[in-house]
Amino acid sequence: MIQIIASDMDGTFLNDQMTISKVNAEAVKRAQAQGVKFIVSTGRARNEIYPLLQDAGISCPLISINGAVVYDEEGKILSTAALSDQTAQQLIHRLKRAGLYFEVVASNGVYSDNKAQRIANFAELLTRVTPDTPFKLAVTLASARMELMNIKYIDNYYDLVDDPHVQIYKIVAFSQEGKKILDPLRTELEKNPILKITASSDSNIEINHVNAQKGMALQAYADRLNVPMDNVMAIGDNNNDLSMLEVAGISYAMENGSPEVKRVAKRLAKTNVENGVGLAILDVLAEK
């Protein structure tokens, strides 16, 4: 019997407009009405995701920043896994030396040092999840979305590391050349045992503390509720979802998901623009 449902956001729970469809929202609410716990599991920070959940009328716990911070339904922090200041400094130096644009997810917000690049990257995400969207339109949509997602801009990332009141949870590096540029860097960084390197698209790598993984956070959440993993469903589309798909008893890959995700997941859901999450939830509820 299903007791917990965990869903990724980008490319999964969000549609081509980067919003939660009515079908998806209603399926979640039906599950919650039947006593099933729904939890979002995303690489994004809470202040980027919370407005989208509010717009859909959904209240739920949140695994954010790939598991670096976990919140209960009221927004109280349950656990954290931050990068050390020394590690964050080393990563910032390495990425700058590589000439890559990157963003820093900290305890007080998401930071960028280049607004134009931030918008371009978000536009690339929109065109990835919806290939028919013209890039110019994607830029317009991305510009509007930037205001909703409360991105902060800073001249020097080192100032964040030096602030004793701020913790660094994740660094995301981008390259439009994709794996050609990012794979060698990923291989290098993976040699550090205190880091966990994942990705939410072919054009980025996400750098977290090794204890910040969606699967570990989902396992801890289920343990807190005394729910066996056989009764947990997880659904995602990209490599930062692999750890939670591996631990969940019922795992779904989105049809628009990566080949790796499809190999790991036990089931296949329709695409994010076809309400894949909502339909998968309804299918599982019908099995009760």
Got more than 12 heavy atoms from elsewhere within 6.0 Å of [atom1], [X]?
X	atom1	answer
Asn156	CG	yes
Lys29	NZ	yes
Glu74	CD	yes
Arg30	CZ	no

- Task: Assess whether side chain to side chain donor-acceptor pair (under 3.5 Å) is satisfied between Ser200 and Glu206, documenting all intermediate values.
- Result: CA-CA 7 Å; Ser200 57; Glu206 302 186 342; 3.0 Å; yes

- Query: With sequence neighbours left out, what residues match Ala31 under side-chain contact (heavy atoms from CB on, under 4.5 Å)?
  - Reply: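 Residues passing side-chain contact (heavy atoms from CB on, under 4.5 Å) with Ala31: Ile5, Val36, Ile281, Leu285.
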
- Task: List in chain and number order the residues that pass side-chain contact (heavy atoms from CB on, under 4.5 Å) with Ala253, two or more places apart in sequence or in another chain; answer none if no residue qualifies.
- Result: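 By the side-chain contact (heavy atoms from CB on, under 4.5 Å) rule, Ala253 matches Val261, Lys262, Ala265, Leu268.
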
[X] [atom1] to [Y] [atom2] distance, which is reported to the nearest 0.5 Å:
X	Y	atom1	atom2	value
Thr80	His209	OG1	NE2	10.0 Å
Leu14	Ile49	CG	CD1	6.0 Å
Asn226	Gln3	CG	CD	9.5 Å
Lys266	Glu246	NZ	CD	9.5 Å
Gln219	Gln213	CD	CD	12.0 Å
Leu242	Glu260	CG	CD	7.0 Å

- Mind checking whether Leu160 and Val104 have side chains closer than 4.5 Å, heavy atoms only?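 Yes. Closest side-chain heavy atoms under 4.5 Å.
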
- Do Ser251 and Val264 come close enough that some side-chain heavy atom pair is under 4.5 Å?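 Answer no - side chains too far apart.
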
- Message: Tell me if the aromatic rings of Tyr50 and Tyr71 count as close, with their centers under 6.0 Å from one another.
- Response: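 When the ring centroids of Tyr50 and Tyr71 are compared, they turn out to be at least 6.0 Å apart.
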
Indicate the atoms forming the closest heavy-atom contact of [X] with [Y], along with that distance.
X	Y	value
Asp8	Phe13	O-CB, 3.1 Å
Ala173	Phe102	CA-CB, 3.7 Å
Gly11	Asn272	O-CB, 3.4 Å
Gly276	Ala269	O-CB, 3.8 Å
Tyr169	Ser107	CE1-CA, 3.5 Å
Val110	Ala45	CG2-CB, 3.6 Å

Within one Ile-Leu-Val-Met-Phe-Trp-Tyr cluster: [X] and [Y], side-chain cutoff 4.5 Å:
X	Y	result
Val161	Val105	no
Leu185	Leu91	yes
Tyr111	Leu83	yes
Leu279	Met254	no
Ile77	Ile168	no

- Message: Here's a test for you: under side-chain hydrogen bond (donor to acceptor under 3.5 Å, both in side chains), which of Asp237, Asp241, Thr42 qualifies with Thr12?
- Response: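 With Thr12 as partner, side-chain hydrogen bond (donor to acceptor under 3.5 Å, both in side chains) holds for just one option, Asp237.
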
- Under 4.0 Å between a Lys/Arg side-chain N and an Asp/Glu carboxylate O for Arg267 and Asp283?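 Salt bridge flag = no for Asp283 with Arg267.
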
- Message: Under 4.0 Å between a side-chain nitrogen and a carboxylate oxygen: does that hold for Glu190 and Arg186?
- Response: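 So Glu190 pairs with Arg186 through a salt bridge.
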
- Please lay out, stage by stage, how Thr271 and Glu255 fare under the test side chain to side chain donor-acceptor pair (under 3.5 Å). CA-CA 5 Å; Thr271 69; Glu255 192 173 307; over 6 Å; no

- Message: For a side-chain contact (heavy atoms from CB on, under 4.5 Å) check, start with the C-alpha distance between Asp10 and Met18, then their side-chain angles and the critical distance, and finish with the verdict.
- Response: CA-CA 7 Å; Asp10 291 302; Met18 302 304 288; 2.9 Å; yes

- Task: Using distance alone, with no hydrogens and no angle criterion, decide if Tyr252 and Ser7 have a side-chain donor and acceptor under 3.5 Å apart.
- Result: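 There is no such pair between these side chains.
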
- Query: Does a donor on one side chain and an acceptor on the other come within less than 3.5 Å for Ser59 and Glu73?
  - Reply: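 Yes, Glu73 and Ser59 have a side-chain donor paired with an acceptor closer than 3.5 Å.
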
- Message: As a quick check of understanding, evaluate side chain to side chain donor-acceptor pair (under 3.5 Å) for Ser258 and Asn239, giving each step before the final call.
- Response: CA-CA 7 Å; Ser258 71; Asn239 293 11; 3.1 Å; yes

Are the side chain of [X] and the backbone N or O of [Y] linked by a donor-acceptor pair below 3.5 Å?
X	Y	answer
Ser64	Val69	yes
Lys170	Gly43	yes
Asn208	Ile65	yes
Asn15	Gln17	yes
Ser41	Lys214	no
Asn275	Gly278	no

- Message: Taking transitive links into account, so neighbours of neighbours count too, which hydrophobic residues share a cluster with Val227 at under 4.5 Å side-chain distance?
- Response: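 Members besides Val227, by chain and number: Ile4, Ile39, Ile63, Val70, Leu78, Leu218, Tyr221, Leu225, Met229, Val232, Met244, Val247.
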
- Task: Dump the intermediate steps for side-chain contact (heavy atoms from CB on, under 4.5 Å) on Tyr157 and Leu95, then the final yes or no.
- Result: CA-CA 11 Å; Tyr157 286 135; Leu95 294 174; over 6 Å; no

- Message: Test: salt bridge (charged side-chain N to carboxylate O under 4.0 Å, His left out). Region: residues 80-102. Which pairs qualify, not counting sequence neighbours?
- Response: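 Listed once each, the pairs are Arg94-Glu188, Lys96-Asp113.
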
- Query: For residues 174-185, which residue pairs qualify under salt bridge (charged side-chain N to carboxylate O under 4.0 Å, His left out), counting only residues two or more places apart or in two chains?
  - Reply: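 Applying salt bridge (charged side-chain N to carboxylate O under 4.0 Å, His left out) to every pair that reaches into residues 174-185, excluding sequence neighbours, yields Glu177-Lys180, Lys179-Asp202.
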
- Please walk me through it: do Asn108 and His165 pass side-chain contact (heavy atoms from CB on, under 4.5 Å)? CA-CA 9 Å; Asn108 62 342; His165 304 294; over 6 Å; no

Solution key, residues 192-199 side-chain donor-acceptor pairs under 3.5 Å, sequence neighbours excluded:
from, atom 1, to, atom 2, distance (Å)
Asn192, OD1, Ile194, N, 3.1

- Task: In sequence, state the C-alpha distance, the side-chain angles, and the governing distance for Leu189 and Ile205, and then conclude on side-chain contact (heavy atoms from CB on, under 4.5 Å).
- Result: CA-CA 10 Å; Leu189 295 177; Ile205 56 171; 4.2 Å; yes

